[in-house]
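Here's the structure, in structure tokens; my notes come after.
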2 protein chains.
Amino acid sequence: MSAKPETPRQTTIYDIARQVGLSASTVSAVLNGNWKSRRISEKTAERIRLVADRQGFALNQQARALRRQRSNLIGMIMPKYDNRYFSSIAEQFEHRARIRGLFPIITCTSRDPELELQAARTLLSYKVDCVIATGATNPDLISDICRASGVLNYNLDLPGSRAPSVISDNYGGALVLTSRVLAACAAEAGRPEPLAFIGGRSTDHNTLERLRAFRDAHAQAGIAPREDMILTTGYAAERAEQAVTQLAAAMPTLPAGIFVNSTSALEGVMRWLRSHHPEATIPHIGSFDWDPFAALIDSRILMARQDVETMLDILFDMMAERAQDRHCTEVPVRQITAASED
Amino acid sequence: MSAKPETPRQTTIYDIARQVGLSASTVSAVLNGNWKSRRISEKTAERIRLVADRQGFALNQQARALRRQRSNLIGMIMPKYDNRYFSSIAEQFEHRARIRGLFPIITCTSRDPELELQAARTLLSYKVDCVIATGATNPDLISDICRASGVLNYNLDLPGSRAPSVISDNYGGALVLTSRVLAACAAEAGRPEPLAFIGGRSTDHNTLERLRAFRDAHAQAGIAPREDMILTTGYAAERAEQAVTQLAAAMPTLPAGIFVNSTSALEGVMRWLRSHHPEATIPHIGSFDWDPFAALIDSRILMARQDVETMLDILFDMMAERAQDRHCTEVPVRQITAASED
DNA sequence: CAAGCATGCACCATCGGTTGTGCAATGCGG
DNA sequence: CCGCATTGCACAACCGATGGTGCATGCTTG
């Protein structure tokens, strides 16, 4: 009648202990599995498990973590969810974490360096056992605060100098991709022509490596890249769209081919092409990053798909052995051509 | 020399207390802001803040949550990250949570009902203050376990009967979308023709509502839908691809138009079309859910974009006032046509 | 000058688990 | 029947922060 239906607080091991007439430590031992080593009888264990199940008991992980100095939480900092590269990283990360009995916390910082730091601090506040910085603008800062707290730290996608890193072979992938686009253009025009490069930041490792490959591929094709067509205006679609506008204004005709650095940038490039030349054939495009729909837009779009599975396998292996050497592992990309799958 | 560089444990309020020669409770009061009500002097507060900053002190949120019975964690269960609808929900959710001083935890369950439940239980174990079930296959089960723990709970995208829900106006959106596709087909063929319906689950509310609108739109166009062309084979791209294969095998020619239920299904449909009829004009397609690249594939693709911003605004408003009434709020979708933006 | 009040902080129980240790009861051999 | 080992569990300290309460000290007021 007047039982207070307020917030029906979660039952604790003390509640269970009272009900079975045993001590909380016994209940704890049974529920976390080390009851055999504490010489709790099978009969007692069974009785406790029964009551716990009946109550839908859920152990308070905060309390557990507080005492154990180990949270089983594993944090990932990630720039965006809105493209297939990062979203597959997120999904695979969660899947692998769960398999290993860890609880994944992913936090998305919209490429905001300030937010990245704040997110790292918050993760540490919640006492995650490990912080993985994915595509972080300043991974070393994150490494520093992790080190100060004694928390394991790895970099993914973009390398850092203060923690082990797992990234794609950006040079290798971009070299093949650029060469393929150059070849397609040459086949069409009868002679090689320099490509444009759109998207990314000229400050990040990946863009630099892809640019290096871009230039080398041009050299291998026997032509010089045109520096005025290299526009690393960031990853946002809007900025890429502006870059194409700028490109179109500066020259009589669009380049025969474009290296597009990320699918976000590709979004902007395609938007521009569709709105300004809806009927024209588009330039040959090499996109560093894959999207299933982009593949279907036009057979002139080539895409390099990064090997997320392998990267995460390596990452989790390093975590398992608590690797600390500041080494950068490069994983080859898998090449994708237009409209082909997987 | 022999200072142990093991794990440089995070500093606690006790460490700081010792350094400034004050009690831990004073440090706590200063650092969590209620020091004025505890009549701590400005001078003392300043001294403590200085030391805390210098040490890079990060409060242990687990301990805090344990004591406060309030974690400031807010959990979201979500099927997938790999499409623009869910990924924008995730990003917006995180953004709004942070603005409100909450720490968002999103966990992705790959549309696995078993995983959903397990995820809910885990979130409760970590004592989240609120659980939001997005697109859950069985939201009511989640509501039950949340209720048992006295934790606030809301449904997003798919409605439940045991917690407040915020969803799209699936009927309204699908009615307009279907009508537009029907009209496009009629304009081309000279007479209205029934559309195919591909994707989704005939067990979930959204699919049922969209199907109801699908039928009503046919009725309004003066034709009967063909039941044998309604294939709710799930959301996975592979299943949708199989559905089209089945459709193509069963009839001499493809339908003039297709209602595609989700961008995942659209992926499968487009894959089939490209691999089986690479050069043919594709059917008119109405996709319930938006993707920027899909919009560029063909002007015959129409897309309904759900109003994620408004849905989340409503959701957070309800959370703020701790609304409990099991009401379902429907938010109109924004209509999108081919290649147009935002 | 005593009573009264404000100031500034310390003490301590508490949140829900974990784990080292202690102790009674039982079993067993001699 | 006694000593000793084993079995089966309880006790209590602890993890790090919070907040109610209490106690000096200094200042004001009659």
Side-chain angles (χ1 to χ4, degrees), chain A residues 7 9-49 52 55 57-73 124-129 149-150, chain B residues 7 9-49 52 55 57-73 122 124-129 149-151:
Chain A
T7 38
R9 278 217 310 86
Q10 190 72 309
T11 61
T12 71
I13 55 168
Y14 294 95
D15 300 329
I16 296 184
R18 200 169 338 103
Q19 290 176 50
V20 296
L22 290 167
S23 77
S25 60
T26 302
V27 175
S28 170
V30 169
L31 295 180
N32 69 34
N34 74 342
W35 54 280
K36 271 155 301 188
S37 72
R38 299 197 125 242
R39 297 187 318 232
I40 311 287
S41 72
E42 176 64 52
K43 206 185 316 171
T44 303
E46 194 44 53
R47 204 150 52 98
I48 290 175
R49 270 188 241 113
Q55 308 260 329
F57 173 76
L59 198 129
N60 185 330
Q61 295 288 350
Q62 316 234 52
R64 177 187 173 90
L66 180 58
R67 181 58 231 252
R68 298 269 307 270
Q69 303 287 58
R70 185 150 196 290
S71 65
N72 271 10
L73 292 173
L124 292 178
S125 273
Y126 284 99
K127 302 296 160 188
V128 296
D129 294 333
S149 308
Chain B
T7 38
R9 278 217 311 86
Q10 190 73 307
T11 62
T12 71
I13 55 169
Y14 294 93
D15 300 328
I16 297 185
R18 202 171 333 104
Q19 289 176 51
V20 295
L22 289 167
S23 78
S25 61
T26 302
V27 175
S28 171
V30 168
L31 294 180
N32 69 36
N34 73 342
W35 54 281
K36 272 154 302 189
S37 72
R38 297 195 127 243
R39 299 188 315 235
I40 311 289
S41 71
E42 176 64 53
K43 208 183 318 169
T44 303
E46 194 46 51
R47 204 149 52 96
I48 289 176
R49 269 187 243 113
Q55 309 259 330
F57 173 76
L59 199 128
N60 185 330
Q61 294 288 351
Q62 315 236 51
R64 178 186 172 87
L66 180 57
R67 181 59 230 255
R68 298 265 308 271
Q69 303 286 55
R70 184 151 195 289
S71 64
N72 271 11
L73 292 172
T122 309
L124 293 177
S125 274
Y126 283 100
K127 302 296 159 188
V128 297
D129 294 333
S149 309
V151 170

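Just so it is clear: chains get the letters A, B, ... in the order the sequence lines come, proteins before strands, and each one is counted from 1. Keep in mind that the numbers below use all heavy atoms, side chains included, and drop hydrogens, waters and symmetry copies.
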Heavy-atom closest pair (A:Asn32 atom, A:Asn34 atom, distance to 0.1 Å) is OD1-OD1, 2.8 Å

In whole Å, I'd like the distance from the CD atom of B:Gln61 to the P atom of D:dC15.
19 Å

Minimum heavy-atom distance between B:Ile40 and B:Val30, given as atom pair plus value:
CG2-CG2, 4.0 Å

Side-chain contact check for A:Ile13: nearest option of D:dA17, D:dA10, C:dT18 is C:dT18

Check whether any side-chain nitrogen or oxygen of A:Arg64 sits under 4.0 Å from OP1 or OP2 of C:dT18, and answer yes or no.
yes

Between B:Lys43 and B:Glu46, is there a side-chain N and carboxylate O pair less than 4.0 Å apart?
no

Under 4.0 Å between a side-chain N/O of A:Gln62 and OP1 or OP2 of D:dG16, yes or no?
no

Exercise: identify the closest heavy-atom pair between A:Lys127 and A:Ser71:
O-OG, 2.5 Å

Protein-nucleotide distance (A:Arg70, atom CZ; C:dT18, atom P), rounded to Å:
13 Å

Show me the protein contacts with nucleotides 6-8 of chain C, counting only N or O atoms at under 3.5 Å.
residue: C:dG8; atom: N7; partner: B:Arg39; partner atom: NE; Å: 3.0
residue: C:dG8; atom: N7; partner: B:Arg39; partner atom: NH2; Å: 2.9
residue: C:dG8; atom: O6; partner: B:Arg39; partner atom: NH2; Å: 2.6

Once you round it to whole Å, what is the distance between C1' of C:dG17 and NZ of B:Lys127?
11 Å

So, is B:Arg68 close to the D:dG19 phosphate, meaning a side-chain N or O under 4.0 Å from OP1 or OP2?
yes

How close or far is atom P of C:dG17 from atom CD1 of A:Ile48, stated in whole angstroms?
13 Å

Could you say whether A:Thr12 or B:Gly21 is positioned toward the 5' end of DNA chain C, judged by the nucleotide with the nearest heavy atom to each?
B:Gly21

Please determine whether a side-chain nitrogen or oxygen atom of B:Ser23 lies at a distance below 4.0 Å from atom OP1 or OP2 of C:dA10.
yes

Between the CZ atom in B:Phe57 and the CG atom in B:Leu31, the distance rounded to the nearest 0.5 Å is 5.5 Å

Quick check: closest heavy atoms across B:Ser23 and B:Ala17, and the distance to 0.1 Å?
C-CB, 3.7 Å

Hey, could you give me the CZ/CG distance between A:Arg67 and A:Asn60, rounded to the nearest 0.5 Å?
15.0 Å

What is the distance from CG of B:Leu66 to C1' of D:dC14, rounded to the nearest Å?
12 Å

Could you tell me how far apart A:Gln10 (CD) and C:dG16 (C1') are, to the nearest whole angstrom?
12 Å

Identify, residue by residue, the members of residues 25-37 of chain A with a heavy atom below 4.0 Å from DNA chain D, and return them in order of residue number, or none.
A:Ser25, A:Thr26

Set of residues satisfying side chain to side chain contact (heavy atoms under 4.5 Å, CB included) with respect to B:Gln69, sequence neighbours excluded
A:Arg9

To the nearest 0.5 Å, how far apart are OG1 in B:Thr122 and CG in A:Leu59?
11.5 Å

Please give, in whole Å, the distance from C:dA10 P to B:Tyr14 OH?
13 Å

Between D:dG16 (P) and A:Tyr126 (OH): distance, integer Å:
17 Å

